[in-house]
Amino acid sequence: MSTVQDLRHPTALSTDADVVLRPLDVKDAEITGGFWLDRQAVNRDSSIPDGLRRLHESGVIDNFRTVATGSGEARGPIFADSDVYKWLEAAAWEYGRQPDERLLAEQLEITRIVAAAQEPDGYLDTVVQLRRGVRYSDPAHDHELYCAGHLFQAAVAQRRATGRTELLDVAMRLADHLVREFGPGGRPHVEGHPVVEMGLVELYRETGRDDYLQLASRFVEERGHGLLHEQDPSLDLTYFSDRVPVRETRSPEGHAVRAVYLAAGAADVAAETRDRDLVDALAEQYTGMTTAKQYVTGGLGARWEGEAFGDPYELPPDRAYAETCAAIGAAQWAWRMLLSTGEARYADQIERMLLNAMLPGVSLGGQEFFYVNTLHLRADASPDTERSAANGRRPWFDVACCPPNVMRTVASIAGYVATGSDDGLQLHQYATGRFAGRGLSIEVQTGYPFDGTVDIAVHEAREGATLALRVPEWAAGATLDGRSIEPGAYALVDRPLHPGDRVALQLPMRARLTEADDRVDAVRGAVAIERGPLVYALEQVDQPEGVVLDDLRLKGPLEMAEVPGPGLVEGDIALRFEAVQIGRGGAPDRGVTATAVPYFEWANRGVGPMRVWMPRV
Ligand code: FUB
Ligand code: ZN
């Protein structure tokens, strides 16, 4: 087992894993300033404490107490335990980032409450314990392994970030129970909602217990053969990712969060079992997703019905579902693909999804959340459901999967910035911070995501250690120490590095127009405005009096001026340009000056009409 001196980030791999890149230790990756530090401060001071209050209020922490005392009813959805576990994971990563005795005491208190609900044989799922009493009786819907997977991830985080093993003890007792039930000699089992695969592999990495890895592998392979139909022939196998085996899936389908969690877990299994065929199959599936099933924001899931991926090119902006959790799960998948392949496209994807699909899911104050991330809100949109964007972000949801998912991701975001390989260090994301490993220790200063200047100071350098920097696919004209470098790949600093050296990366942040794929009927002929890593949106509040967003058209050639943004985050930049408002009812067209702001900032000044895709004249 690791020691507390040897803290590791999510996806710390075993030494046997077959990967190109390896995550850094927690102590070696730290965000120290700038954009992401501000987000982490809001997460610590606002989201995490408020989240704990909401979990108490909604009764889902009481469910554990109720099991322990033996009297009372379960509250919340069938998977209520998972929200508590995701909060515990967030609290652990946050403690590892910035130790705080109160936060430690809170998580240990919740851990004690969780532990008290565990059955003597290791079983734990409070809602099933309280509501059904019968285990594994409805695997399609009961989420027992989904809750287990989130418990395992939280336990590993607690062990790595605080050095405490209390939650790990609970997790191992449950994992041992799962091995007895579903491992060698046990019955085949497909659970309706993946995530246990990732959790079991993490538990294997933390404990060295090979049976956990084998069980994860078994769960990956058992899926996609229609086992759920033995339970109920009327089930929609697509929804549950049980129609096509993982190795044969060419494009994700069905419930988006389930599909991407499964793929991420399969990628973990592939790395640890050294299965390159599985990595290749997952790479093909990933391409299927980015080619035809992903919004420009990186958002995933075109259908409210079944919270699902649509068919290829079915990507309506105004009915986008794009659940916040789906972007988080896909970023986890992309991270694992990056480790296995070293391909820059996966780091590009992480950047797009974290900034434009996860971050819009939380208000800039940290206490309100979007579950659904639309790309277009019309005037007079009806706030017909709790999740409708017309309601604005909500403080919490009956199904509260997204808020604690954002919390754990923001708290652990330093882990996605850099990796090490045998040769040296690789920077995948740009954030002010300190990163070290494989003979190099560097300090990064940047005004990213608004400013494309990245200054790197070398503090320590072993002889021969290399530094590789991702050049985003959008960064045409990028330079490294004044030399031109190719976008969509890694640029190597082409000189020996010594302590005291400085490296200068310049990523041009010009605003650009992205054409919609003409197979997406709903936005054919329209363009999205992007600048650097950020997708922009037009929000009503920024437009002159009388502008009707749905009547605005862009006319080219377009000159976009950079102006100060709404000031909701430090250094934000808005884009201003001339557009045309179509005259209706015989009125003439008229020119207007329009303004676009970063999409992640939208709906922080009240909620009103907004659109990402703009038609042209
Ligand atoms: O089923 C558990 C979670 O609830 C899913 O991941 C979300 O999509 C929501 O349905
Ligand atoms: Zn969610």
Side-chain angles (χ1 to χ4, degrees), residues 47 51 54-55 58 60 63 74 76-87 89-90 125-128 138-151 153-154 190-199 228 235-236 238-242 252-265 298-310 320-333 353-354 357-363 368-374 385-389 393-410:
S47 308
R54 302 267 173 201
L55 289 169
S58 63
V60 300
N63 286 346
I78 188 78
F79 42 84
D81 293 1
S82 63
D83 299 335
V84 179
Y85 299 146
K86 273 187 273 186
W87 182 90
E89 184 182 343
D125 186 307
T126 66
V127 185
V128 173
D138 186 358
H141 301 108
D142 274 359
H143 288 71
E144 286 149 299
L145 301 193
Y146 170 77
C147 292
H150 280 304
L151 168 62
Q153 291 179 324
V190 165
E191 146 109 6
H193 199 314
V195 94
V196 74
E197 303 78 5
M198 269 192 277
L228 284 173
L235 290 174
D236 170 12
T238 302
Y239 174 85
F240 297 105
S241 295
D242 193 29
E253 60 178 29
H255 185 276
V257 183
R258 293 169 203 244
V260 297
Y261 277 3
L262 174 62
L300 301 162
R303 294 186 185 170
W304 283 63
E305 183 192 22
E307 306 186 307
F309 283 106
Y321 198 70
E323 182 180 340
T324 305
C325 284
I328 292 170
Q332 294 174 341
W333 179 17
M353 292 189 286
L354 292 183
M358 188 259 310
L359 203 51
V362 57
S363 66
E368 294 180 324
F369 300 87
F370 272 141
Y371 187 123
V372 166
N373 291 280
T374 190
T385 76
E386 190 195 19
R387 296 175 196 175
S388 161
R393 294 183 184 82
R394 312 300 291 162
W396 207 248
F397 300 94
D398 292 341
V399 170
C401 47
C402 300
N405 222 353
V406 172
M407 293 172 207
R408 69 178 180 147
T409 308
V410 172

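Just so you know, ligand 1 is whichever comes first in the structure, and atom 1 is the first atom listed for that ligand.
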Within ligand 1, which atoms have a heavy atom of C401 less than 4.0 Å away?
4 (O), 7 (C), 9 (C)

If I only include protein atoms of type N, O or S, how many are less than 2.8 Å from the Zn ion (ligand 2)?
4

With E191 as partner, the option from H141, H143, R258 fulfilling side-chain contact (heavy atoms from CB on, under 4.5 Å) is H143

Looking only at protein heavy atoms, what sits closest to atom 6 (O) of ligand 1 is H193 NE2, 2.7 Å

So, do E144 and P139 sit near enough that their side-chain heavy atoms are less than 4.5 Å apart?
no

Taking only non-hydrogen atoms of E307 and a 4.0 Å limit, the atoms of ligand 1 in range are 7 (C), 8 (O), 9 (C), 10 (O)

Nearest non-hydrogen protein atom to atom 9 (C) of ligand 1, with distance, is Y371 OH, 2.9 Å

Decide yes or no for R387 and W304: does some side-chain heavy atom of the first lie under 4.5 Å from some side-chain heavy atom of the second?
yes

Are the charged groups of E368 and R393 less than 4.0 angstrom apart, N to O?
no

Would you mind telling me which of L359, V362, N373 makes a side-chain contact (heavy atoms from CB on, under 4.5 Å) with T324?
N373

What I'd like to find out is whether the side chain of D83 reaches to under 4.5 Å of the side chain of R54, using heavy atoms alone.
no

Under the side-chain contact (heavy atoms from CB on, under 4.5 Å) test against V60, which residue among V127, D81, V84 passes?
V84

Could you tell me which atoms of ligand 1, counted from 1 in the order shown, lie closer than 4.0 angstrom to a heavy atom of V399?
4 (O), 9 (C)

Can you confirm whether F240 sits close enough to H255 that some side-chain heavy atom of one is under 4.5 Å from a side-chain heavy atom of the other?
no

Atom 8 (O) of ligand 1 sits nearest the protein heavy atom E323 OE1, 2.7 Å

For R258, take its heavy atoms, then give the atoms of ligand 1 lying under 4.0 Å from any of them.
1 (O)

With heavy-atom distances below 4.5 Å as the criterion, would you say the side chains of W333 and M353 are in contact?
no

Only one of K86, Q332, R408 forms a side-chain hydrogen bond (donor to acceptor under 3.5 Å, both in side chains) with Q153, so which one is it?
R408

Check each atom of ligand 1 against the heavy atoms of H143 and keep those under 4.0 Å away; list them by number with element.
1 (O), 2 (C)

